[in-house]
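Down below is the structure, laid out as structure tokens.
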Amino acid sequence: MADQADLEFTYSLIDRIFRLSLGELADFSGAKYDGDFSLTLEQAQRRKHDYVAEQIGIEPGRRMLDLGCGWGPLLADVRRRGATGVGVTLSSAQAAACRRHGLDVHIQDARQVTSETFGPFDAIASLGAFEHFCSREEHDAGRQDEVYAGLFANIATMLPPGGRLYLQTMVFGRNMIPLEEVSIDAPRDSDAWYVALMQHQFPGSFLPFGEEQVVRTAAPHFRLVESSSGRLDYIETIKQWRQRFGERTARKTLMKLQLLPRWLTSSDFRLAFTSGVSANSVCFERELLDHYRLVFEKV
Ligand SMILES: C[S@@+](CC[C@H](N)C(=O)[O-])C[C@H]1O[C@@H](n2cnc3c(N)ncnc32)[C@H](O)[C@@H]1O
């Protein structure tokens with residue numbers, strides 16, 4: 001699993017630049033354009049929230065848990081609908097930002113949350129966090145299925161029969177290369193280099209092999225109700241993010257200057273944040289990666 005240090009690296013270090021670029025309640029997972037790229041990023045993110053609310057039943061009086069809540073965009077939407085949301089994240093900067101907006105967010109490992117932690121929920125969501133729940137090392141030790149199965153077993157303790165889980169995650173795609181070929185020393189622009197770059201950007205993280213692995217490991221507790229690929233929508237989302245990150249403001253420039261010592265001293269930081277390419281986007285284009293929106297119901 002990506003531990004707290006990994007997630008502080010990915011999300012807390014550039015927390016203010018994220019919020020200045022994408023907004024205080026920044027959505028940092030694939031938006032839902034449904035192929036209509038005339039929508040703005042904000043409209044497509046709203047469409048995603050509407051879809052989640054409709055699929056898992058977010059209504060006044062209901063209680064929802066967000067596993068890996070980021071800067072709290074879904075929790076804010078849940079509140080707007082008159083429901084109650086609880087979120088967990090491992091990034092202290094995200095938790096602080098969420099609390100500033102009055103959201104009920106805890107620094108807690110999502111994999112360990114059970115009904116003992118915050119009590120029962122009517123619905124659970126997790127967007128863009130599943131990618132962090134299993135590490136390459138856990139995969140290599142043959143534990144990937146066990147990690148996911150443990151998570152689903154814990155989630156099941158919190159939902160009533162028929163209760164719904166919305167899970168949105170990247171997966172390895174149909175053109176994924178053998179893992180032993182993945183190397184940051186591979187020729188720049190090769191599949192092997194892009195996948196390695198992605199692993200530098202998200203230390204401690206690893207992906208399921210297709211939606212099949214997710215559905216199979218969830219199966220003892222959950223049946224799949226709906227599934228769709230968000231791969232092309234994610235490419236557009238990343239394009240929009242990059243434009244917003246690229247827009248210069250005095251405050252952002254100041255923040256970036258404050259990160260200069262990191263840039264000078266950490267090759268990991270340089271690779272992760274300033275390599276000038278979006279590894280994820282290229283990996284989606286080449287179908288080394290895919291992306292799924294999965295709706296489950298507890299059996
Ligand atoms: C890509 S962000 C997505 C944030 C948010 N769901 C959204 O859609 O904007 C991934 C989130 O997962 C959280 N996360 C990753 N692993 C976690 C873990 N084991 N426990 C709790 N949160 C975790 C990160 O801290 C971050 O908030």
Side-chain angles (χ1 to χ4, degrees), residues 11 18-19 21-59 62 64-83 85 87 89 94 98 103 122-132 164-174 202 207-208 210-211 214-215 218 222 224-245 278 280-285 287-297:
Y11 298 111
F18 265 90
R19 286 185 288 111
S21 304
L22 300 181
E24 271 296 309
L25 294 161
D27 258 284
F28 204 50
S29 55
K32 196 164 188 300
Y33 290 90
D34 298 319
D36 178 1
F37 302 131
S38 70
L39 295 179
T40 64
L41 176 62
E42 291 70 23
Q43 285 170 328
Q45 292 292 16
R46 213 167 307 130
R47 186 179 274 194
K48 176 178 74 181
H49 295 160
D50 289 345
Y51 178 70
V52 175
E54 178 199 315
Q55 288 298 324
I56 65 175
I58 303 300
E59 289 159 19
R62 289 174 61 97
M64 189 219 60
L65 173 67
D66 188 350
L67 294 171
C69 62
W71 285 274
L74 187 66
L75 291 172
D77 183 71
V78 162
R79 179 170 61 188
R80 192 175 61 77
R81 292 174 197 271
T89 172
Q94 287 181 334
C98 286
L103 299 171
D122 299 303
I124 298 183
S126 185
L127 286 73
F130 199 82
E131 294 89 331
H132 299 294
R164 286 199 169 187
L165 163 70
Y166 177 76
L167 185 65
Q168 179 169 309
T169 183
M170 294 176 191
V171 301
F172 287 126
R174 64 191 180 108
F202 299 97
L207 298 179
E211 69 168 326
V214 185
V215 174
F222 292 95
L224 184 67
V225 178
E226 198 163 298
S227 157
S228 58
S229 168
R231 183 178 67 86
L232 297 177
D233 284 358
Y234 217 139
I235 292 172
E236 177 66 15
T237 305
I238 293 171
K239 187 175 144 203
Q240 296 301 327
W241 282 340
R242 283 168 68 80
Q243 271 179 19
R244 283 162 175 72
F245 280 114
S278 165
N280 284 12
S281 191
V282 176
C283 289
F284 280 131
E285 278 159 18
E287 295 194 56
L288 297 160
L289 294 187
D290 206 332
H291 176 259
Y292 279 93
R293 308 178 181 112
L294 304 168
V295 182
F296 288 103
E297 196 164 272

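Within the 3.5 Å criterion, the main-chain N or O of Gly57 finds a donor-acceptor partner in the side chain of Arg62. Between the Arg164 side chain and the Gln55 main chain, a donor and an acceptor come within less than 3.5 Å of each other. Although no hydrogens or angles enter the test, the distance criterion places no donor-acceptor pair under 3.5 Å between the side chain of Asp66 and the main chain of Ile124.
Between Phe284 and Ile238, the closest side-chain pair of non-hydrogen atoms falls below 4.5 Å. Taking 4.5 Å as the limit, some side-chain heavy atom of Gln45 sits within range of a side-chain heavy atom of Thr237. Residues Val52 and Asp77 form no side-chain contact, since every pair of their non-hydrogen atoms from C-beta on lies 4.5 Å or further apart. Tyr292 is not listed as a side-chain neighbour of Val214, based on a closest heavy-atom distance of 4.5 Å or more. Between Glu211 and Ser227, the closest side-chain pair of non-hydrogen atoms falls below 4.5 Å. Put simply, the side chain of His49 does not reach to within 4.5 Å of the side chain of Arg80, judged on heavy atoms. The closest side-chain heavy-atom distance from Leu75 to Met64 is below 4.5 Å. Contact of the Val215 side chain with the Phe296 side chain is registered, since non-hydrogen atoms from C-beta on lie closer than 4.5 Å.
Summarising the geometry of Cys98 relative to Cys69, their closest heavy-atom pair is SG-SG, 4.4 Å, with the distance given to 0.1 Å. The minimum heavy-atom distance linking Phe130 with Pro208 is given by the pair CE2-CG, 3.8 Å. Shortest non-hydrogen contact noted between Gly68 and Ala129 is CA-CB, 3.9 Å. Taking all atoms of both residues into account, the shortest heavy-atom contact from Ser21 to Phe245 is OG-CD2, 3.3 Å. For Leu22 against Trp241, the heavy-atom pair with the smallest separation is CD2-CD1, 3.4 Å. Contact between Leu25 and Leu103 at its shortest, heavy atoms only, is CD2-CD1, 4.0 Å.
Between Arg81 and Asp50 a salt bridge is recorded (basic side-chain N to carboxylate O distance below 4.0 Å). Ion pairing between Glu42 and Arg244 holds under the 4.0 Å rule for side-chain N and carboxylate O. Note on Asp27 versus Lys48: salt bridge recorded, some NZ/NE/NH1/NH2 to OD/OE distance being below 4.0 Å.
Atom CG of residue Leu41 and atom NZ of residue Lys239 lie 11.5 Å apart, to the nearest 0.5 angstrom. Here the CD atom belonging to Glu297 is positioned 11.5 Å from the CD atom belonging to Glu226, to the nearest 0.5 angstrom. Between atom CE of residue Met170 and atom NE2 of residue His291 there is a gap of 6.5 Å, rounded to the nearest 0.5 Å. Interatomic distance, CG of Asp122 versus CD1 of Ile56, reported as 10.0 Å (0.5 Å rounding). In this structure, Lys32 NZ and Arg46 CZ are separated by 15.0 Å, a value rounded to the nearest 0.5 Å. Annotation: the span from Leu294 atom CG to Leu167 atom CG amounts to 5.5 Å, rounded to 0.5 Å.
Relative orientation of the Phe202 and His132 rings is tilted, given thresholds of 30° and 60° on the angle between their planes.
Judged by distance alone, the side chains of Gln168 and Tyr51 never bring a donor and an acceptor atom under 3.5 Å apart. No side-chain N or O of Ser278 forms a donor-acceptor pair with one of Asn280 less than 3.5 Å apart. For Arg47 and Gln43, the side-chain atoms include no donor-acceptor pair closer than 3.5 Å.
Considering only residues two or more places apart in sequence or on other chains, Ser229 meets the side-chain hydrogen bond (donor to acceptor under 3.5 Å, both in side chains) condition with Asp290.
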Under the criterion side-chain contact (heavy atoms from CB on, under 4.5 Å), I'd like the reasoning laid out for Phe172 against Leu288: C-alpha separation, chi angles, the key distance, then a yes or no. CA-CA 6 Å; Phe172 287 126; Leu288 297 160; over 6 Å; no
